[in-house]
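The next block holds one structure in the form of structure tokens; read it before the comments.
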Amino acid sequence: MIGREWKKRTHHCGSLRIEDVGRDVVLNGWVQKRRDHGGVIFIDLRDVSGLVQVVFNPEISAAAHEVAGELRGEYVISCRGTVGARPADSVNPRLATGEVEVRVEEADVISASLTPPFEIQEGSDVDEALRFRYRFLDMRRRDQLEPLILRSRVAVTVRNFLDSRGFLEIETPMLTKSTPEGARDFVVPSRLQPGKFYALPQSPQLFKQLLMIAGIDRYYQIARCFRDEDMRADRQLEFTQIDLEMSFIEPEDLIAIMDAMFVDLFRRVMSVELSDPFPQISWQEAMEAYGTDRPDPRWGMEIDDFSSIFSATDFKLFRSILEEKGRVRGFKVDGLIAPARRELDSLVSEAQRLGAGGLVWMVREGDSLRSPVAKFLSQGETDALIEKAAMVEGEVFLLAAGPGDLNPVLAGLRQYCIKNFAPQPAEAWALLWVIDFPLFDWDENEKRYKSNHHPFTSPSRRTLELLDDDPLQVTSDSYDMVLNGVEIGGGSIRIHDPELQDRIFKILGLGEQEVEEKFGFLIEAFRYGAPPHGGIAYGLDRLAMLMAGKDSIRDVIAFPKTQSGLDLMTAAPDIISQAQLKELRIRST
RNA sequence: GGAGCCGUGGUGUAGCCUGGUUAACACGCCGGCCUGUCAAGCCGGAGAUCGCGGGUUCAAAUCCCGUCGGCUCCGCCA
């Protein structure tokens, strides 16, 4: 053997139990903590499985005790000794291994450690930037490792499920072609083709469709994707999708198999029994009732339309808004009874922050309403409001009105109320489908239609006839999965008819030449017998984040980047040498 | 591209608003004592150009401007 000798472990630290008493064991691990009593020295020894106390008693081994005296935090050691039951009064109930200890007879330092830049201790609050610079130390902490373990279990469970359902895991290229539409591409210069660039995939979309045309029938991949856009707590430059595609299916086939996958996932990973099928709500309904396309129904507080109550109102503000074809919508605030003035004011200022012109609040007091606008309302309107909103004494009701889009304000206010007033929901997990998205959105800046999902999404059959006359009314065979108000996945049935695909490209304003250049290979493939197909992609990072109860996907990524795209550990991105640039035929400023 | 918050020994914070002694506290670190601790204890010690640059002032951690870094959000993310 080269280098220092060390004894290989026979057990993991966290695995020892009272049944192991009397065993001769060897442990390898990191020194978590040393407690030196002058005579006896206690070490908490840590490995991936957990902690165990090892005891160095000079009466058992003077040599080992001497080694223990040299030990410091994060030293890697090997020690051999006997598992002993702790004296009854020194059992530690907070440790899984707290009934035992290892009485050390031989010990070796495998490698020493500098004093770490922060305490390697669960729960200690350390600046995230410092943690990411020393992520290899950060991950030694159980509470930092745990989300990564969970993520691994999610990935394995999904793999096993899809494998059992006949899906083939197939890898697609990382060095691929830039496509129009969608996010900004990361590009990679080509040495062999000077002046040309690969793009890193934003998703394996085109390749998985080609796999369907290839007759693969069912494909999946846990695929890395790249989008050069600004980051958020739930967005990184590179992220991972659970990507899959199926042939000869309709939306309900895919939804059924995904329902089964999530039941299986939550059962195996979370020990939670979800009941499928999961609810489906149309995009239109979601926007009406929640003001967003990713509703979280756990909190109630559904938005309703109260315009009809004010059809003949004397309240000038509402009347003029209704005359302009505007609407009056609102919701009842759960968890806020007999509010303080300060709470009502906070709602108004939140509404203003969200861009509302104003917000009308109302509090039921007997048969009347306390409200800044109460004096403008007739008793009939008051009665109708109380009844329609089902307000009980002291409850708060919010109304927003306007000719414009009220959804951002209403959805934002609902979020605010959830955060500040709402009681904990009965259900911990709300998983649902949002379906029937519009096929196109109108891009006001570019004055053209854009795909709501992507250009290969199939219009739904029942709205297909509107495609030429009123594209915005066309819905698509698409579906998003939403978990607790977070979009975790989205997909669609794809177009497999080249002529229909042509029409879509035209509506999107993509010229024939551009289509040929960018998607020619796909269009050509469609001409060789394409099966009907569709699929979905889930954000593994977001899913793992939610399941781990974290607020940022950085917590479920081993080596994340900062908001400005830096890897604080490796200092990437970095400049490259003139020689490298020259080889790539790139001039840099 | 824009808005907001943050940056003080190794770590986490206080001090900043209202400028003025030696920049305080806890943890960690180093040394000593200590044979049953597990947030070990007791005694002692070292350790801070207050992110960086400029300005105002007799005097700046503190006020002003700029800049760098981190975070949150808007735009952006088919």
Side-chain angles (χ1 to χ4, degrees), chain A residues 32-45 51-60 65 68 72-74 84 86-95 97-98 101 103 113-134 137-138 179-185 202-203 205-206 225-237 239 353-355 408 412 415 437-441 443 445-446 448-457 476 478 487 490-492 504 508 510 537 539 551-552 554 560-566 568 571:
Chain A
Q32 172 78 28
K33 190 80 189 171
R34 184 178 64 128
R35 291 181 294 277
D36 185 343
H37 286 248
V40 68
I41 296 174
F42 300 99
I43 299 281
D44 289 335
L45 195 64
L51 274 186
V52 69
Q53 173 167 280
V54 298
V55 189
F56 296 80
N57 191 324
E59 289 165 12
I60 293 175
H65 183 262
R72 294 293 182 273
E74 302 310 311
R86 294 198 191 188
D89 59 347
S90 61
V91 165
N92 185 344
R94 281 189 308 253
L95 276 184
T97 59
E101 61 194 11
R103 291 161 190 158
S113 172
L114 299 172
T115 300
F118 54 87
E119 289 169 60
I120 312 297
Q121 196 182 313
E122 235 175 294
S124 71
D125 178 28
V126 184
D127 180 67
E128 205 183 28
L130 187 69
R131 286 172 38 210
F132 289 158
R133 183 159 158 225
Y134 295 97
L137 297 178
D138 191 35
T179 52
E181 306 280 296
R184 198 175 293 116
D185 285 315
Q202 296 180 24
S203 78
Q205 182 60 36
L206 300 180
C225 305
F226 304 85
R227 294 179 190 175
D228 187 7
E229 299 290 350
D230 287 0
M231 277 178 268
R232 291 286 189 283
D234 61 352
R235 276 162 36 191
Q236 285 266 308
L237 299 179
F239 61 100
R353 201 186 64 83
L354 291 162
Q415 275 305 118
F437 280 79
L439 186 63
F440 302 110
D441 299 317
D443 186 315
N445 294 327
E446 298 182 32
R448 67 177 186 100
Y449 294 106
K450 284 201 161 177
S451 293
N452 178 287
H453 186 54
H454 59 55
F456 314 106
T457 304
S476 62
S478 59
E487 184 202 322
S492 63
I504 300 292
L508 290 171
L510 295 174
D551 296 321
S552 166
R554 295 189 297 274
K561 288 173 184 60
T562 69
Q563 200 165 52
S564 62
L566 296 174
L568 295 176

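Throughout, a chain's letter reflects where its sequence line sits, starting with A, and its residues are numbered from 1.
To the nearest angstrom, C1' of B:A40 lies 15 Å from CD of A:Gln32. The CD1 atom of A:Ile41 sits 16 Å away from the P atom of B:U37 (whole-angstrom rounding). Atom-to-atom, CD of A:Glu128 to P of B:C6 comes out at 18 Å; the value is rounded to the nearest Å. Taking atom CZ of A:Phe132 as the reference point, atom C1' of B:G70 lies 11 Å away to the nearest angstrom. Atom pair A:Met231:CE and B:G1:P shows a separation of 14 Å (rounding to whole Å applied).
Across all strands shown, B:C58 forms a Watson-Crick or G-U wobble pair with B:G20, both key distances being under 3.5 Å. Taking a pair to require two hydrogen-bonding distances under 3.5 Å in either a Watson-Crick or a G-U wobble arrangement, B:G53 pairs with B:C65. Nucleotide B:A3 has B:U72 as its partner under the Watson-Crick or G-U criteria, with both atom distances under 3.5 Å. The partner of B:G12 is B:C25, judged by Watson-Crick or G-U wobble contacts that both fall below 3.5 Å. For B:G36, there is no paired nucleotide, since no Watson-Crick or G-U wobble pair has both relevant distances below 3.5 Å.
Among B:U37, B:U11, B:U72, the nucleotide with an atom closest to any side-chain atom of A:Ser90 is B:U37. For A:Leu568, the listed nucleotide lying nearest its side chain is B:G70; candidates were B:C71, B:G70, B:G36. For A:Ser564, the side-chain atoms get nearest to B:G70 when compared with the rest of B:G70, B:C77, B:U72. Among the nucleotides B:G75, B:U11, B:G36, the one closest to the side chain of A:Arg232 is B:G75. Comparing B:G70, B:G75, B:U37 against the side chain of A:Arg235 picks out B:G75 as the nearest.
Sequence order on RNA chain B of the closest nucleotides to A:Asp127 and A:Arg35 puts A:Asp127 first from the 5' end. Residues A:Asn92 and A:Pro117 each lie close to RNA chain B; by heavy-atom proximity, the contact nearer the 5' end of the strand is made by A:Pro117.
Residue A:Phe42 and nucleotide B:U37 are classified as a stacked aromatic pair, their ring centres being separated by less than 5.5 Å at an interplanar angle below 30°.
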ask   = Reading nucleotides 26-35 of chain B 5' to 3', which nucleotides get B (base under 4.0 Å from a protein heavy atom), which S (sugar-phosphate only), which -?
value = -BSSSS--BB
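Under a 3.5 Å cut-off, the side chain of A:Arg133 and the backbone N or O of A:Leu568 do not form any donor-acceptor pair.
Using a 4.0 Å cut-off, some side-chain N or O of A:Arg554 falls inside it from OP1 or OP2 of B:U72. OP1 or OP2 of B:U72 lies within a sub-4.0 Å distance of a side-chain N or O belonging to A:Gln563.
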task = Apply side chain to side chain contact (heavy atoms under 4.5 Å, CB included) to A:Arg34 and A:Ile41, showing your working.
result = CA-CA 7 Å; A:Arg34 184 178 64 128; A:Ile41 296 174; 3.8 Å; yes
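Judged by distance alone, with hydrogens and angles left aside, A:Arg131 brings no side-chain donor or acceptor close enough to the base of B:G70 to form a pair under 3.5 Å. For A:Arg227 and B:C77, a side-chain-to-base donor-acceptor distance below 3.5 Å is absent, hydrogens and geometry of angles not being considered.
Comment: A:Arg103 engages A:Glu101 in a salt bridge, judged by a side-chain N to carboxylate O separation of less than 4.0 angstrom.
Ring geometry, A:Phe440 versus A:Tyr449: the interplanar angle falls from 30° to 60°, so the pair is classed tilted.
Within 6.0 Å of atom CG in A:Asp443, more than 12 heavy atoms from other residues, nucleotides or ligands are found, so the atom counts as buried in its surroundings.
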